[in-house]
Amino acid sequence: MPEIKVTPLGAGQDVGRSCILVSIAGKNVMLDCGMHMGYNDDRRFPDFSYITQNGRLTDFLDCVIISHFHLDHCGALPYFSEMVGYDGPIYMTHPTKAICPILLEDYRKITVDKKGETNFFTSQMIKDCMKKVVAVHLHQTVQVDEELEIKAYYAGHVLGAAMFQIKVGCESVVYTGDYNMTPDRHLGAAWIDKCRPDLLISESTYATTIRDSKRCRERDFLKKVHETVERGGKVLIPVFALGRAQELCILLETFWERMNLKAPIYFSTGLTEKANHYYKLFITWTNQKIRKTFVQRNMFEFKHIKAFDRAFADNPGPMVVFATPGMLHAGQSLQIFRKWAGNEKNMVIMPGYCVQGTVGHKILSGQRKLEMEGRQILEVKMQVEYMSFSAHADAKGIMQLIRQAEPRNVLLVHGEAKKMEFLKQKIEQEFHVNCYMPANGETTTIFTNPSIPVDISLGLLKREAAIGPVPDAKKPKLMHGTLLMKDNSFRLVSPEQALKELGLAEHQLRFTCRVHIQDPRKEHETVLRVYNHLKGVLKDYSVQHLPDGSITVESILIQATAHSEDQGTKVLLVSWTYQDEELGSYLTSLLKKGLPQSTA
Amino acid sequence: YRELHTFELQAPTRLIEWAHGSRVCVAGYGQSGGNEILQLIPPPRLQAKETQGLCPERDFKVECGGFSKHPVYRLKHVPDTSLLVTSGPPDSSVQVWQVSAEDSDVIKSVGTIVTENSTGQPWAKIATISARVPWVLHGSTLDSIQITEVELRKNVYTAASEDSDELSGLAFLDSSTVLLCCARGRLCMADVRQPQRPTQAVPVPAVPHAERWCMGTLCAAQGSDMGSQPVARLSSRGFITLTDLRKASEPLALAQARVPSPGSGAEFLCVSWAPALQGCLAISGFDGTVHVYDTHSWDSSGREAEPTFVHKGHMLGGAGGSGDPPLVTAHTWHLQKPRTVLSAASDGSLHVWDWVQP
């Protein structure tokens with residue numbers, strides 16, 4: 001049975017890093033190559049030795065696909081391609097290709113320069129890695145080789161995020177990466193056509209969550225920012241350069257405009273320009289509204305948001321600052337945090353998930369005394385808030401996507417196994433498909449039922465159509481023919497044509513059986529008796545008495561001779577072809593029973 | 001509002017019930033099967049006594065779920081057990097479910113309490129009591145009231161009555177007395193230690209038109225005086241009566257709520273007392289709003305009362321003109337936070353709101 005094998009090397013049943021191996025029809029594809037942000041040692045990278053113990057990765061893998069630029073999906077890519085070794089193609093969308101190296105370089109700087117780590121990739125490695133990248137457009141079918149093709153679909157979530165369809169022959173797998181089924185201020189919702197893949201691999205981080213409506217969350221966020229600024233406090237919002245930051249910028253800009261607020265809003269330099277540049281460049285990746293208003297004014301050119309300078313952090317008075325990186329683990333946002341933490345009028349709002357080990361995670365867990373470098377204790381008096389604006393699909397969204405794509409099997413990654421039983425049953429009940437949830441390192445095998453297209457010859461069709469009534473178009477019709485497999489093509493032809501094409505001679509198989517009958521009369525009288533008997537019994541068949549003294553029943557021949565040694569016994573020779581086996585053996589057993597006594 | 005959270009359930013619910021460990025249960029009531037029973041963990045924000053700044057999550061988490069072929073109209077958690085009971089069309093039987101949140105997240109069906117002549121009967125109303133005994137009181141008409149011990153599914157009490165009045169609600173006043181509300185308005189009581197006919201406690205209020213009634217009582221807390229909390233009755237035209245069961249002959253107070261004239265019938269009528277706010281009750285089921293009233297100022301004149309607060313959120317969230325405007329199907333009070341209410345509507349929305357005293 002043909003099968004598709006899936007092995008998560010990360011994001012089997014944990015959030016942190018995504019790296020999934022898929023084996024389909026002899027092709028091996030790696031989906032995403034993420035890094036776990038919570039570990040500082042080798043555990044942050046996926047375990048690539050699982051793939052092949054001593055073989056070369058380039059020989060084993062046909063391609064690598066990266067879904068979007070978040071580090072938990074692409075963070076380990078330079079390590080993988082340059083330090084472990086892979087020279088094959090790496091596919092991602094254009095925005096991802098543009099933005100990935102920036103985030104990787106940022107992260108590298110913090111990890112190596114600030115923290116002094118050694119086993120990490122270098123800037124040159126990032127550059128070399130990106131040289132292996134082939135950028136793809138949405139809905140463009142890309143031939144990786146003669147048999148393997150891939151296609152990207154819009155996934156929402158962040159700029160450039162895509163879901164990928166991987167197809168070999170008529171078997172296909174769709175990998176969603178992270179996606180979002182509801183549009184937001186700067187991105188549209190994920191969409192896929194009814195491609196009916198054999199397997200859909202979907203993330204399920206938020207599958208068991210019923211999310212608070214966006215309006216309420218935004219209202220709360222704005223209320224908090226407003227309150228802090230009104231009382232003269234400073235608001236720090238640590239963000240990653242690209243992603244939710246743009247969403248929040250648009251939100252604040254609109255609010256500031258509406259409420260006519262004067263407090264300054266700052267965005268870390270360098271990243272504003274780049275972000276702006278990329279959103280302008282990839283305008284087709286944003287949502288309808290942005291594209292429409294872009295003509296009038298650039299939504300990413302903000303009136304109230306200005307570039308930040310380190311010195312501003314010491315300015316008196318209220319302000320709002322967006323600074324990187326997002327988990328407060330290093331860099332500018334951490335510097336600003338240290339300056340402002342001691343004042344209870346200030347507030348820090350964490351807009352996303354913080355991995356364990358980071359300062360962001362610590363303060364969200366309630367820690368108020370943090371140990372900094374040089375054993376300094378930092379007391380946190382400022383207010384700490386968490387507002388998750390990350391865009392992931394919830395249970396309803398997952399069901400929507402399955403409904404759109406109509407896969408035959410579903411595989412869930414990124415969730416916790418125990419809590420997924422209900423969702424698994426829900427999917428199985430509603431869509432009647434199998435649902436799998438492998439753990440890291442566990443291989444799931446999915447059996448597929450590919451349909452094999454076969455050409456049928458016109459002659460065979462005509463012949464089969466001539467037999468019997470016109471078949472019902474909806475019902476399958478049973479046909480007989482010979483399957484010729486030549487040069488990767490399958491053809492169904494009549495046996496005669498097959499023999500001719502292959503240059504084979506047809507052999508006829510004929511059986512002959514002897515039946516002894518006690519009859520002292522002359523041969524031709526015996527024959528007459530047999531003829532009359534058969535005629536009476538086999539009313540539905542054509543029984544003929546030929547001038548040469550033989551009897552035919554359909555195509556079976558019966559001849560009578562006298563037994564060489566015993567004149568009282570006649571020997572009937574019953575002969576039939578292989579095709580008439582059934583009738584032949586029936587006749588034989590009938591004759592063996594003997595002839596009735598009184599016949600004319 | 002002090003706090004407002006709006007959520008969207010995949011399917012609308014007509015019940016919101018508290019379960020052990022401050023969990024909230026909701027369930028679908030669709031006719032075509034595949035209804036989900038969900039036990040949700042409310043966001044940490046709502047669990048805390050005061051609104052702390054440090055509550056990361058604002059979302060409900062589905063702790064476990066189960067599937068029901070039939071629409072679920074009522075659900076009650078059986079205290080001190082890990083069982084739930086549900087009821088709904090097409091008959092008056094009661095389904096029993098097991099919740100085992102540690103092992104798996106599926107709510108399993110473990111049995112049914114079948115009642116005699118259950119087919120063709122209207123669906124059963126149910127009530128449970130927080131006492132040592134896992135009893136469930138259920139029935140759809142006055143003559144079909146029973147108490148069943150849930151774990152062994154053994155019948156403990158059957159009311160001996162010939163009255164086939166339809167019930168709209170029932171409740172335990174304490175472990176030996178039950179209160180029954182007929183759909184036509186009268187209240188009856190019965191002592192469950194003896195199988196006798198329930199006695200009429202309070203007659204149908206004198207109103208010009210025949211209306212449907214439902215009641216609201218405060219959960220029988222341990223050791224509290226049985227009659228200390230008045231029983232509220234709400235009619236399909238918005239008339240509210242308050243009765244002290246110790247002096248059942250005279251109503252304590254009467255009031256008329258300003259509600260639109262009955263349109264879709266009294267399917268979702270709901271009246272409930274605030275557990276942490278003396279004399280405060282809420283009504284819903286007439287349209288997309290929930291009204292909160294302070295009954296301290298009410299008298300027996302039956303005039304129109306001003307609501308302290310009206311939650312209109314469900315009306316605003318409608319799916320833009322497609323079909324009927326949403327109707328509030330259920331509401332319930334938060335057990336600890338005094339002014340927090342949860343309400344659900346027919347468009348699948350679930351709101352949690354905390355209003356500011358004007």
Side-chain angles (χ1 to χ4, degrees), chain A residues 182 206-217 219-221 223-224 227-228 344 347-350 352-354 360-361 363-368 380 382-390 392 394-400 415-426 428-431, chain B residues 1-11 13 24 26 28 32-46 51-69 99-108 313 316-317 344 348-354:
Chain A
T182 47
Y206 277 78
T208 51
T209 313
I210 296 179
R211 306 208 73 193
D212 191 0
S213 78
K214 208 159 70 92
R215 233 175 43 199
C216 283
R217 265 180 286 146
R219 180 178 170 272
D220 237 20
F221 170 73
K223 196 164 110 169
K224 292 203 151 56
E227 278 169 5
T228 308
E344 67 248 336
M347 179 187 284
V348 59
I349 303 181
M350 310 297 298
Y353 173 74
C354 287
H361 184 93
I363 57 174
L364 282 179
S365 323
Q367 260 189 278
R368 285 295 173 265
V380 181
M382 75 193 304
Q383 270 188 272
V384 179
E385 291 286 340
Y386 176 88
M387 287 280 145
S388 168
F389 282 98
S390 72
H392 285 260
D394 59 6
K396 187 160 132 184
I398 297 176
M399 303 298 274
Q400 258 180 296
E416 308 153 47
K418 220 173 40 151
K419 306 297 181 181
M420 306 302 290
E421 186 63 37
F422 178 57
L423 179 64
K424 179 169 160 4
Q425 280 195 17
K426 195 162 132 145
E428 288 176 343
Q429 278 188 15
E430 174 132 358
F431 299 108
Chain B
Y1 290 101
R2 203 152 63 121
E3 288 267 338
L4 171 65
H5 299 256
T6 64
F7 300 87
E8 213 176 286
L9 298 169
Q10 222 178 316
T13 180
V24 174
V26 295
S32 47
N35 291 300
E36 291 177 1
I37 299 174
L38 299 173
Q39 180 164 296
L40 309 171
I41 305 177
R45 277 198 119 80
L46 298 176
T51 317
Q52 292 172 11
L54 202 71
C55 288
E57 300 294 337
R58 316 167 50 97
D59 309 319
F60 272 95
K61 270 197 113 54
V62 176
E63 189 182 28
C64 28
F67 298 98
S68 166
K69 285 195 291 283
V99 179
S100 42
E102 293 82 43
D103 303 323
S104 104
D105 65 342
V106 179
I107 301 178
K108 289 192 264 286
L316 306 171
S349 55
L350 177 68
H351 292 185
V352 182
W353 39 281
D354 186 336

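Order of the sequence lines sets the chain letters (A, B, ...), proteins ahead of strands, with each chain counted from 1.
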Can you say whether B/Leu40 sits under 4.5 Å from chain A via the side chain, the backbone, both, or neither, judging by heavy atoms?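 Only the side chain of B/Leu40 comes within 4.5 Å of chain A.
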So what's closer than 4.5 Å to chain A heavy atoms on B/Leu38: side chain, backbone, both or neither?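 For B/Leu38, the contact with chain A is made by the side chain alone.
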In terms of heavy-atom pairs under 4.5 Å, which option from A/Lys426, A/Glu430, A/Gln425 contacts chain B the most?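 Option with the greatest count: A/Lys426.
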For A/Lys396 and B/Glu8, run side chain to side chain contact (heavy atoms under 4.5 Å, CB included): C-alpha distance rounded to whole Å, both residues' side-chain angles, the deciding distance at 0.1 Å, then the answer. CA-CA 10 Å; A/Lys396 187 160 132 184; B/Glu8 213 176 286; 2.6 Å; yes
Closest non-hydrogen atom pair between A/Gly360 and A/Met350, with its separation: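 Scanning both residues completely, I find the closest heavy atoms to be CA-CE, 3.7 Å.
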Any chance you could measure A/Glu421, atom CD, to A/Thr208, atom OG1, to the nearest 0.5 Å?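 Here the interatomic distance stands at 13.5 Å.
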Pick one of side chain, backbone, both or neither for [X], based on which atoms fall under 4.5 Å of a heavy atom in chain B.
X        : value
A/Lys223 : side chain
A/Gln429 : side chain
A/Met399 : side chain

Expected output: side-chain B/Asp59 to main-chain A/Thr209 donor-acceptor under 3.5 Å: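 Checking the backbone N and O of A/Thr209 against the side chain of B/Asp59, no donor-acceptor pair under 3.5 Å is found.
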Reference residue A/Val384; test side-chain contact (heavy atoms from CB on, under 4.5 Å); the match among A/Met347, A/Gln367, A/Arg368: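 Between A/Val384 and the candidates, side-chain contact (heavy atoms from CB on, under 4.5 Å) is satisfied uniquely by A/Arg368.
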